[in-house]
Amino acid sequence: QVQLVESGGGLVQAGGSLRLSCAASGLYFSEYAMGWFRQAPGKEREFVAAVSGSGGRSSLADSVKGRFTMSRNNARNTVDLWMNSLKPEDTAVYYCAADRLFTTLTRPERSSNVELWGQGTVVTVSS
C-alpha cells in the first residue's frame, strides 16, 4: 500500500521550533521528489518546500526561507521539515506530498496533479 504518513505537529509558541516528519511506504522512494504544503483556515493550500529524489535540488517558499529547512533520508524513506522562528501565520495543516517530477511540487499551476498526499498534521503557533 502506497502511503505517506506525517507526524510531529502540535502547539508551539511564536518563536519556537517544530520538526515535522513524513514516512513513505509502498513506493521507490528515491524516484520521487518530496514536498511539504500547508493550508491555513480559510485559505488555499500553498507550497512550502520540496527536495528532488536525489536530494540535489531543493526549493523553499519565500515566506519560510531562512526559517524552515527540508531534508530527506533515502535509506529510511523519510523527509523532515525543520521549522524555526515560527510565527502565528505559520499555523496550518501541513501535508507531505510526493511526485516523480520536482516541478509538479514547485510550480503552483501543477500542484493539483501531485501523485501522493499524506493525511496532514496540524501546526498551531500561538502569539
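Throughout, numbering of the chain's residues begins at 1 and tracks the sequence. Source: prediction; values computed, not measured.
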Same apolar cluster (I L V M F W Y, side chains within < 4.5 Å links), [X]/[Y]:
X      : Y      : answer
Val2   : Phe29  : yes
Leu60  : Val125 : yes
Val48  : Phe102 : no
Val93  : Val64  : no
Val122 : Trp117 : yes

Could you measure the distance from the [atom1] atom of [X] to the [atom2] atom of [Y]? Nearest 0.5 Å is fine.
X      : Y      : atom1 : atom2 : result
Leu11  : Ser126 : CG    : OG    : 5.0 Å
Ser7   : Gln119 : OG    : CD    : 9.0 Å
Leu101 : Ser52  : CG    : OG    : 11.5 Å
Thr91  : Leu86  : OG1   : CG    : 8.5 Å
Leu81  : Glu6   : CG    : CD    : 11.0 Å
Asn74  : Ser30  : CG    : OG    : 5.5 Å

Can you tell me if Arg72 and Thr78 form a side-chain donor-acceptor pair at under 3.5 Å? no

We want to know whether Ser17 and Asn84 form a side-chain donor-acceptor pair, criterion being a heavy-atom distance below 3.5 angstrom. yes

Does the plane of the ring in Tyr94 sit parallel, tilted or perpendicular to the ring in Phe68? Use 30° and 60° as the thresholds. tilted

I need the minimum non-hydrogen distance between [X] and [Y], along with the two atoms involved.
X      : Y      : result
Asp99  : Asn113 : OD2-O, 3.6 Å
Val123 : Gly9   : CG2-CA, 4.2 Å
Leu27  : Ala24  : CD2-CB, 3.6 Å

With Glu31, which residues qualify under salt bridge (charged side-chain N to carboxylate O under 4.0 Å, His left out), at least two apart?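 Glu31 satisfies salt bridge (charged side-chain N to carboxylate O under 4.0 Å, His left out) with no residue once adjacent residues are dropped.
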
Can you list everything that forms a salt bridge (charged side-chain N to carboxylate O under 4.0 Å, His left out) with Arg57? Sequence neighbours excluded, please.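 Partners of Arg57 by the salt bridge (charged side-chain N to carboxylate O under 4.0 Å, His left out) criterion come out as none, since no residue qualifies.
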
side-chain contact (heavy atoms from CB on, under 4.5 Å) between Met34 and Met70: does it pass, once the steps are laid out? CA-CA 10 Å; Met34 299 296 295; Met70 183 177 178; 3.9 Å; yes

Go through the steps for Met83 and Asp90 under the test side-chain contact (heavy atoms from CB on, under 4.5 Å), then give the verdict. CA-CA 9 Å; Met83 306 186 295; Asp90 294 317; over 6 Å; no

Working for side-chain contact (heavy atoms from CB on, under 4.5 Å), residues Leu116 and Tyr32: CA-CA 10 Å; Leu116 299 169; Tyr32 282 78; 4.3 Å; yes

With heavy-atom distances below 4.5 Å as the criterion, would you say the side chains of [X] and [Y] are in contact?
X      : Y     : value
Arg107 : Ser59 : no
Gln39  : Glu46 : no
Val79  : Trp36 : yes

Residues in ring pair (Phe, Tyr, Trp, His ring centres under 6.0 Å) with Phe47, at least two apart?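 With sequence neighbours excluded, Phe47 shows a ring pair (Phe, Tyr, Trp, His ring centres under 6.0 Å) to Phe37, given in chain and number order.
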
In this structure, are over 12 heavy atoms from other groups packed under 6.0 Å from Arg76 atom CZ? no

Inspect the surroundings of CD in Glu109 and state if more than 12 heavy atoms from other residues, nucleotides or ligands are less than 6.0 Å away.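 It does: Glu109 CD has more than 12 such atoms within range.
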
Check against side-chain contact (heavy atoms from CB on, under 4.5 Å), Leu20 and Thr121: CA-CA 8 Å; Leu20 304 183; Thr121 187; 4.0 Å; yes

